[in-house]
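Have a look at the structure below, then the notes.
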Amino acid sequence: MRIDLDEDGDETSARATLTTDGGGQATGTGRARRNPADPAVAEIGDELAASRALADLAAKLATMTRHDIAGSAPDSPPPARSW
């Protein structure tokens, strides 16, 4: 797992990349922008952008898993979320 952060003024972008042992990759992205009325605390933007990238990655992994399950049991519908 790797999270890359890029700050440009009041905007922060994050990219969360998961690399499997087999070399496969899945990536999620997230952004945060500071409200001009808020204090300039870079760590907050980093945390928010990273959390959004991880949430995006988690959603993509869940979709990939549903497809993999459906592909392994063609007569069964994909399961509903279990959490």
Side-chain angles (χ1 to χ4, degrees):
M1 169 61 86
R2 178 182 172 135
I3 299 176
D4 296 305
L5 298 169
D6 181 39
E7 294 178 10
D8 184 15
D10 290 338
E11 295 189 20
T12 303
S13 298
R15 178 181 302 265
T17 304
L18 175 68
T19 304
T20 66
D21 290 338
Q25 286 191 337
T27 300
T29 59
R31 293 183 49 189
R33 183 182 349 196
R34 183 180 69 86
N35 183 321
D38 292 339
V41 181
E43 292 82 12
I44 294 172
D46 292 352
E47 293 166 352
L48 183 56
S51 71
R52 289 176 174 168
L54 290 168
D56 184 44
L57 176 59
K60 289 177 179 177
L61 289 171
T63 298
M64 291 167 55
T65 301
R66 284 193 299 277
H67 286 285
D68 289 347
I69 291 170
S72 68
D75 295 333
S76 302
R81 292 177 89 170
S82 61
W83 60 92

For this session: Could you work out the complete set of other residues in the hydrophobic cluster of Val41, with links drawn between I, L, V, M, F, W and Y side chains under 4.5 Å apart?
Result: Ile44
Exercise. To the nearest 0.5 Å, how far apart are CG in Leu18 and CE in Met1?
Worked result: 5.0 Å
Problem set entry | Ala14 versus Leu5, closest heavy-atom pair with distance | CB-CD2, 3.5 Å
Exercise. Of all residues at least two apart in sequence or in a different chain, which pass the salt bridge (Lys or Arg N to Asp or Glu O under 4.0 Å) check with Asp46?
Worked result: none
Problem set entry | Contacts of type salt bridge (Lys or Arg N to Asp or Glu O under 4.0 Å), residue Glu11, not counting sequence neighbours | Arg31, Arg33
Problem set entry | Any donor-acceptor N or O pair under 3.5 Å, side chains Thr19, Gln25 | yes
For this session: Tell me whether Leu57 is reachable from Met64 by hopping between hydrophobic residues (I, L, V, M, F, W, Y) whose side-chain heavy atoms are closer than 4.5 Å.
Result: yes
Exercise. Quick one: do Lys60 and Asp56 make a salt bridge, cutoff under 4.0 Å?
Worked result: yes
Exercise. Looking at Ser13 and Ala49, what are the two nearest heavy atoms and their distance?
Worked result: C-CB, 4.3 Å
For this session: Enter the distance from Thr27:OG1 to Arg15:CZ here, rounded to the nearest 0.5 Å.
Result: 6.0 Å
Seminar exercise, completed: Between the CG atom in Asp6 and the CG atom in Asp8, the distance rounded to the nearest 0.5 Å is 6.5 Å
For this session: Please round to the nearest 0.5 Å and tell me the distance separating atom CG of Leu54 and atom CD1 of Ile3.
Result: 4.0 Å
Problem set entry | Nearest non-hydrogen partners of Gly45 and Ala32, listed with the distance | O-CB, 3.7 Å
Exercise. CG/Asn35 to CG/Asp10 distance, rounded to the nearest 0.5 angstrom?
Worked result: 9.5 Å
